[in-house]
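Shown next, in structure tokens, is the structure this report addresses.
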2 protein chains.
Amino acid sequence: MKLKAVLAAACFAAAIAVADEALWQALPEVAPEPADNPTTPAKVELGKMLYFDPRLSSTGTVSCFSCHNLAEGGDDHRPTSIGVHGQKGGRNAPTVFNAAFLSAQFWDGRAPTLEEQAKGPPANAIEMGMANLDAVVDRIERIPGYRPYFEAAFGKGDVITIDNIARAIAAYERTLITPDTPYDRYVKGEKSALTKQQVRGMNTFREVGCMTCHQGPMFAGPELPMGTGFFMKFPLQTESPYVEKYGLMEDKGRFEATGNPADAHMWRVPTLRNLVYTAPYMHNGSVKTLDEAVRVMASTQLDKTLTEKQVADIVAFLESLSGELPAQTLPKLPPTPGDLLDP
Amino acid sequence: MKLKAVLAAACFAAAIAVADEALWQALPEVAPEPADNPTTPAKVELGKMLYFDPRLSSTGTVSCFSCHNLAEGGDDHRPTSIGVHGQKGGRNAPTVFNAAFLSAQFWDGRAPTLEEQAKGPPANAIEMGMANLDAVVDRIERIPGYRPYFEAAFGKGDVITIDNIARAIAAYERTLITPDTPYDRYVKGEKSALTKQQVRGMNTFREVGCMTCHQGPMFAGPELPMGTGFFMKFPLQTESPYVEKYGLMEDKGRFEATGNPADAHMWRVPTLRNLVYTAPYMHNGSVKTLDEAVRVMASTQLDKTLTEKQVADIVAFLESLSGELPAQTLPKLPPTPGDLLDP
């Protein structure tokens with residue numbers, strides 16, 4: 001009987017160990033790349049130029065960098081972003097860091113890939129305000145200094161196309177990753193990388209049920225092929241007092257993109273990486289602090305009220321998912337013809 | 001008689017050589033620094049952070065970098081700039097590159113130093129839109145990660161002040177210089193640095209009278225102590241057809257700042273460096289190309305109509321005043337509390 005108990009305990013421990021290994025995954029050191037857009041240095045260089053170039057917007061004032069600022073958290077630290085003519089968007093800018101690992105892009109997952117995502121903001125009337133994607137191509141065509149960079153990345157000929165613009169930006173974004181967080185080092189075996197409180201928070205995070213949705217190396221759902229996305233209803237507990245307090249049901253999420261009633265209030269599960277840099281939180285940027293975000297999620301998704309100790313521990317754990325942001329050199333952009341941006 | 005003629009010719013040549021040396025001056029390799037704000041690495045690092053930080057604006061969307069983009073020409077390639085809430089300013093953004101060498105700042109020279117200039121845009125309602133300079137200090141105070149950088153630059157204590165913010169930004173701007181243009185190399189003796197056409201343009205530039213105003217290493221007037229500024233009436237020839245065509249008298253220049261009738265249509269003489277990167281031209285950004293700018297200035301200031309060859313030669317010379325822009329690494333900004341920028 002005693003032997004049996006010991007064996008059972010050992011098996012249980014082994015099962016836990018296996019489960020743990022599957023459960024806690026480090027971020028890969030390299031982002032996956034699609035077969036039709038391998039990451040090359042020339043493409044990354046061009047993509048960085050385009051990413052930083054405000055001339056991709058109608059007024060010449062808004063670039064990818066404007067709302068996805070690489071000097072801070074890959075976002076814009078506003079509740080919701082501001083595009084051309086001072087117009088306010090409806091959702092909080094998600095960080096660009098590690099977006100390369102997400103299985104779908106945008107809060108509602110409406111773009112299957114980074115390439116598709118990159119084609120969204122330029123022709124969005126509120127964001128970068130170009131009339132359409134042809135106007136974006138025309139704008140770039142009118143900056144003669146860009147051509148050599150397109151040819152280096154894509155070969156000679158008719159290479160200044162919206163698809164190549166998007167490919168280059170996506171290739172650059174695949175370099176914007178933060179794989180070396182304390183959490184990642186811990187998972188890889190460096191047990192001193194996390195504090196005791198962070199380890200406690202890690203366990204609480206699992207025990208209370210956060211990993212129902214926030215799992216995998218991105219804590220954004222299970223690993224899925226690109227274009228799939230992992231969607232979840234939010235808020236689930238519509239009676240939670242936080243729902244009204246933070247206006248969490250005003251935006252119908254994926255429904256706004258698909259028109260399908262089944263998609264009402266469905267959202268792509270957002271990553272939990274780099275939250276230290278990306279306050280305020282939620283799709284509408286209504287929640288100002290990380291501890292409040294933890295309370296809101298526990299209430300609206302798990303119907304739980306956490307103790308303040310549980311909240312503090314989980315916050316400590318979440319902080320371990322923030323990494324050193326990769327250093328960036330500013331690209332040098334080709335000169336602007338004086339008639340490019342008329343008043 | 002023959003000897004006399006030879007001697008006279010030699011003296012004349014010597015006089016020309018001396019004059020030439022005084023006439024054509026290279027840009028110094030280091031910008032001058034005021035006694036009360038020596039340039040230190042800690043100050044430059046902090047200044048760069050502040051320069052890139054859009055949180056110095058009311059909406060969190062406009063930084064120094066927004067209108068003085070270091071990825072391109074130190075300006076914003078628009079006729080006139082756009083600040084918070086999509087508001088359009090009245091004048092063309094001057095390049096920040098080499099501003100450290102100017103004896104007065106802004107188109108109308110209303111700020112004697114870079115330090116004073118830096119205090120202008122943040123509390124300008126159209127530009128960065130902060131209520132006042134105290135609000136700027138408060139904004140920075142509320143980003144805790146800034147404090148160590150201020151202490152490294154200015155010592156312990158009450159060091160987060162508007163003066164120190166301005167000092168740091170100015171110190172950084174003193175590193176944004178382009179001393180190594182083809183023109184500068186030519187003046188220092190590298191005679192192959194300019195093409196034949198550029199040398200011809202250099203002589204034409206002098207002969208037709210451009211150097212009445214555009215002289216010194218910055219081509220922005222004679223070298224003057226900081227705070228002095230070199231002002232000139234523009235347009236001088238109010239009958240020039242370009243005056244109406246380009247609306248050159250709509251803005252009264254320095255008069256708008258001083259209210260002194262004697263300052264009507266007086267302007268600080270702008271630098272001619274890096275014009276390759278800073279189209280469109282003039283205080284109102286109305287002139288799209290460099291060749292047209294040369295025609296306009298010859299007509300409005302010198303009452304001359306240049307030949308197309310003269311224009312092309314002068315443009316070629318002016319192009320030699322554009323240098324390699326100094327490479328910049330993006331600063332890393334301290335994280336933003338979620339309630340910093342309320343909607």
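The figures that follow rest on heavy atoms only: side chains count, while hydrogens, waters and symmetry mates do not.
Proximity of a side-chain donor or acceptor of B/Asn92 to a complementary backbone N or O of B/Arg78 within less than 3.5 Å is detected. Under a 3.5 Å cut-off, the side chain of B/Asp75 and the backbone N or O of B/His68 do not form any donor-acceptor pair. Within the 3.5 Å criterion, the main-chain N or O of A/Asn284 finds no donor-acceptor partner in the side chain of A/Tyr246. Under the 3.5 Å distance criterion, the side-chain polar atoms of B/Asp339 are left unmatched by any main-chain donor or acceptor of A/Lys288.
Highest contact tally toward chain B, considering only A/Leu333, A/Val62, A/Leu330, A/Asp76, is held by A/Leu330 [criterion: heavy-atom pairs under 4.5 Å]. Per-residue counts of heavy-atom pairs under 4.5 Å with chain A were compared for B/Ser81, B/Gly285, B/Ser63, B/Ala327; the largest is that of B/Ala327. Your options are A/Cys67, A/Gly83, A/Ala71, and the one with the most heavy-atom pairs under 4.5 Å with chain B is A/Ala71. In terms of non-hydrogen atom pairs under 4.5 Å with chain A, the most contact-rich of B/Gly338, B/Ser322, B/Pro335 is B/Gly338.
Using a 4.5 Å cut-off between heavy atoms, A/Asn69 touches chain B through its side chain atoms alone. Residue A/Ser66 does not touch chain B at all, counting heavy-atom pairs closer than 4.5 Å. Interface residue A/His77: backbone and side-chain heavy atoms are both found under 4.5 Å from chain B. Of the two parts of A/Leu70, the backbone and the side chain both hold a non-hydrogen atom closer than 4.5 Å to a non-hydrogen atom of chain B.
For the ring-ring contact (aromatic ring centres under 6.0 Å, His included) test with A/Tyr172, the passing option among A/Tyr51, A/Tyr149, A/Phe65 is A/Tyr51; the others fail.
What you find for A/Thr95 and A/Ala99 is that their closest heavy atoms are O-CB, 4.2 Å.
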